[in-house]
There are 2 protein chains.
Amino acid sequence: MSATKKVSTRGRPRAFDKEEALAKAQALFHAKGYDALSVADLTEAIGINPPSFYAAFGSKAELYGAALKRYEEKEGLDISGALAPDRPLDEGVATLLRQAADNYGSGAAPGCMVIEGARGTADQQACSQARRMLDMSRAVIDAAIAGREPERAELITDYIMMTMAGLSASARNGVPAERLRAIAAIASTQLSHHIEGIAPKGTKQ
Amino acid sequence: MSATKKVSTRGRPRAFDKEEALAKAQALFHAKGYDALSVADLTEAIGINPPSFYAAFGSKAELYGAALKRYEEKEGLDISGALAPDRPLDEGVATLLRQAADNYGSGAAPGCMVIEGARGTADQQACSQARRMLDMSRAVIDAAIAGREPERAELITDYIMMTMAGLSASARNGVPAERLRAIAAIASTQLSHHIEGIAPKGTKQ
DNA sequence: CTTTTTTTGTAGCGCTCATTACAAAATCCT
DNA sequence: AGGATTTTGTAATGAGCGCTACAAAAAAAG
């Protein structure tokens, strides 16, 4: 079934489950961040030695990239679903922010792994990997909004990205999920009033 | 005038200006973060050698603490002024968020040094120093709001902290000051709509 | 069996980090 | 002048980092 499963190869078989190890690594990267998590931490958590680690994952940065991809696939928000073109825009934004609050506040590690990884401190390669993913998410949001509010798409997207980053930071600072939801509710209620209210003539001011 | 200025001490005089060095260190910590800035970077920027560095500032973490303090004094927001009790609350919040947008988006380094430092990755001591300052700022905001909206103080403070963190993150992600101001404008109108809209009973409208 | 291929564990590489011994240099006090 | 005291530059410390050489071990292929 799984397309990536090698059934029979030559040589000594791997003594650990690679997907399982990736899952562990992703959780650790999410919880501790790229810099604070050492290869020694990873190999110890997985239960392997450095050579097995590098044979399987290439490098710490490569594994981080794979972990980011896995995170987005397994735990990422459903942006396209929330902002589907057949739903009112303000309702879609509210759904998206509510999803973010739930997602960032629950689960093993608080906050968004991509958003937090994108402001990486030390390692530039790891940071830019997360930045690229964040930029792509922004592009998806922007495209969904540009279909309905082409004049104010950048502003609305800016506002959504700001709010998601703020929710992620608040989650990291220990604000529990229910309070995050209440914050997200403020951020999204009557957003349409604001959008329609500030510049009703369609001018960019 | 200056109370901390030692005019005449014994021993060989220091060959560099300590306050000037602190200013440089604060700017560098703000721009690059604690982890990504090494002691070697600092001594090179100041133009001194490690022993002079440690004699003057104690340690990297101590210098970071002094830099945080200096940042708050010289570049911090005027929270008490913005949320002064003689002004309408929504107007005060709008002023505060507008200040944050201006502050985070302009100047040498983007974002808030305290907010960004509070989610430090590797060094726990540095992170908790920034966290403590952030908690104190939150307490000031919370106290100013509790005087007017005791029932919803936590929620409103949560929302303001989330927005400031989001603005700081957006600034770090390259959003320019004028767009930050537009985002902050949406955020503050959202809040006043919500405050007036949800519970009009017995409180100021 | 032998050969080939891959993974394994041990042990260590070079590097950067924050920090410090040490002695010479520069200033004040007597 | 002659200590006393503090800063200076040189050089190195131990610890941790990401990463790898190497040879033994385990499987398939001949």
Side-chain angles (χ1 to χ4, degrees), chain A residues 4-22 24-25 28-29 32-67 117 120-129, chain B residues 4-22 24-25 28-29 32-67 117 120-129:
Chain A
T4 57
K5 205 54 160 283
K6 292 255 185 68
V7 173
S8 80
T9 52
R10 296 231 309 206
R12 179 169 175 170
R14 185 175 283 130
F16 63 98
D17 188 303
K18 193 174 173 183
E19 166 59 25
E20 202 175 300
L22 176 58
K24 242 172 213 161
L28 285 173
F29 275 129
K32 303 191 61 175
Y34 186 85
D35 297 325
L37 186 66
S38 71
V39 173
D41 293 334
L42 283 164
T43 55
E44 188 189 356
I46 302 175
I48 61 177
N49 293 308
S52 301
F53 177 89
Y54 286 95
F57 302 113
S59 72
K60 186 189 177 186
E62 273 183 69
L63 174 58
Y64 183 65
T121 54
D123 191 286
Q124 185 166 344
Q125 185 182 0
C127 175
S128 62
Q129 282 187 93
Chain B
T4 58
K5 204 57 160 278
K6 293 254 182 70
V7 173
S8 81
T9 51
R10 297 231 308 209
R12 180 171 175 170
R14 185 176 283 129
F16 64 98
D17 188 303
K18 193 174 172 181
E19 165 59 25
E20 202 174 301
L22 175 58
K24 242 171 213 163
L28 284 172
F29 274 129
K32 303 191 60 175
Y34 186 85
D35 296 324
L37 186 67
S38 71
V39 173
D41 292 335
L42 283 164
T43 55
E44 188 190 357
I46 301 174
I48 61 177
N49 293 309
S52 302
F53 177 89
Y54 284 95
F57 302 112
S59 71
K60 185 190 177 185
E62 274 183 67
L63 174 58
Y64 183 66
T121 54
D123 191 285
Q124 184 164 344
Q125 184 182 1
C127 176
S128 62
Q129 283 188 92

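So you know, we letter chains A, B, ... as the sequences are listed, proteins then strands, and number each from 1.
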Problem set entry | From CG (A:Leu63) to CD1 (A:Ile46), nearest 0.5 Å | 6.5 Å
For this session: Could you check which residues of residues 54-64 of chain B get a heavy atom under 4.0 Å from DNA chain D? Sort them by number, please.
Result: none
Exercise. How close do B:Asp35 and B:Ala122 get, heavy atom to heavy atom, and via which atoms?
Worked result: OD2-N, 3.0 Å
Seminar exercise, completed: Per the under-4.0 Å heavy-atom filter, residues of residues 41-48 of chain B near DNA chain D come out as none
For this session: Output the single nucleotide from C:dT4, C:dG9, D:dT8 whose closest atom is nearest the side chain of A:Arg10.
Result: C:dT4
For this session: To the nearest Å, give me how far apart CG (B:Asp123) and C1' (C:dC17) are.
Result: 12 Å
Exercise. In chain order, what residues pass the salt bridge (charged side-chain N to carboxylate O under 4.0 Å, His left out) check against A:Glu19, with sequence neighbours excluded?
Worked result: A:Arg70
Seminar exercise, completed: Here the distance between atom C1' of D:dT20 and atom CZ of A:Phe53, to the nearest Å, is 13 Å
For this session: Tell me what A:Val39 touches on the nucleic acid: a base, only sugar-phosphate, or nothing, going by heavy atoms under 4.0 Å.
Result: sugar-phosphate
Exercise. Has A:Lys60 got its NZ or CZ under 6.0 Å from the middle of the six-membered ring of A:Phe29, at an angle within 45 degrees of the ring axis?
Worked result: no
Exercise. Rounding to a whole Å, what distance do you find between B:Lys18:NZ and D:dT6:P?
Worked result: 14 Å
For this session: Round to the nearest Å and state the distance from B:Asn49 atom CG to C:dC22 atom C1'.
Result: 14 Å
Problem set entry | Given C:dA18, D:dT7, D:dA26, the nucleotide with the shortest approach to the side chain of A:Arg12 | D:dA26
Problem set entry | Nearest-neighbour nucleotide for the A:Pro13 side chain, C:dT5, D:dA27, C:dG9 considered | D:dA27
Exercise. Separation of B:Leu37 atom CG from C:dC17 atom P, in whole Å?
Worked result: 10 Å
Seminar exercise, completed: Testing C:dT8, C:dT27, D:dT5 for proximity to the side chain of A:Pro51, the answer is C:dT8
Problem set entry | Contact under 4.0 Å: A:Ser52 side-chain N or O vs C:dT8 OP1/OP2 | yes
Exercise. Any side-chain donor paired with an acceptor under 3.5 Å for B:Asp41 and B:Ser38?
Worked result: yes
Exercise. Do the side-chain N or O atoms of B:Arg14 get closer than 4.0 angstrom to the phosphate oxygens (OP1, OP2) of D:dT7?
Worked result: yes
For this session: Whole angstrom is fine here: how far is it from CG in B:Asp35 over to C1' in C:dA18?
Result: 13 Å
For this session: Specify the separation, in whole Å, of atom CD of B:Gln125 and atom C1' of C:dA18.
Result: 12 Å
Exercise. Any side-chain heavy atom of B:Val39 within less than 4.5 Å of one from B:Tyr54?
Worked result: yes
Seminar exercise, completed: Looking only at heavy atoms, the pair that brings B:Ala21 and B:Phe57 closest together is CB-CZ, 3.9 Å
For this session: Any chance you could measure A:Lys24, atom NZ, to A:Leu22, atom CG, to the nearest 0.5 Å?
Result: 12.0 Å
Problem set entry | Nearest atoms (heavy-atom pairs only) where B:Gln129 meets B:Ala61 | NE2-O, 3.2 Å
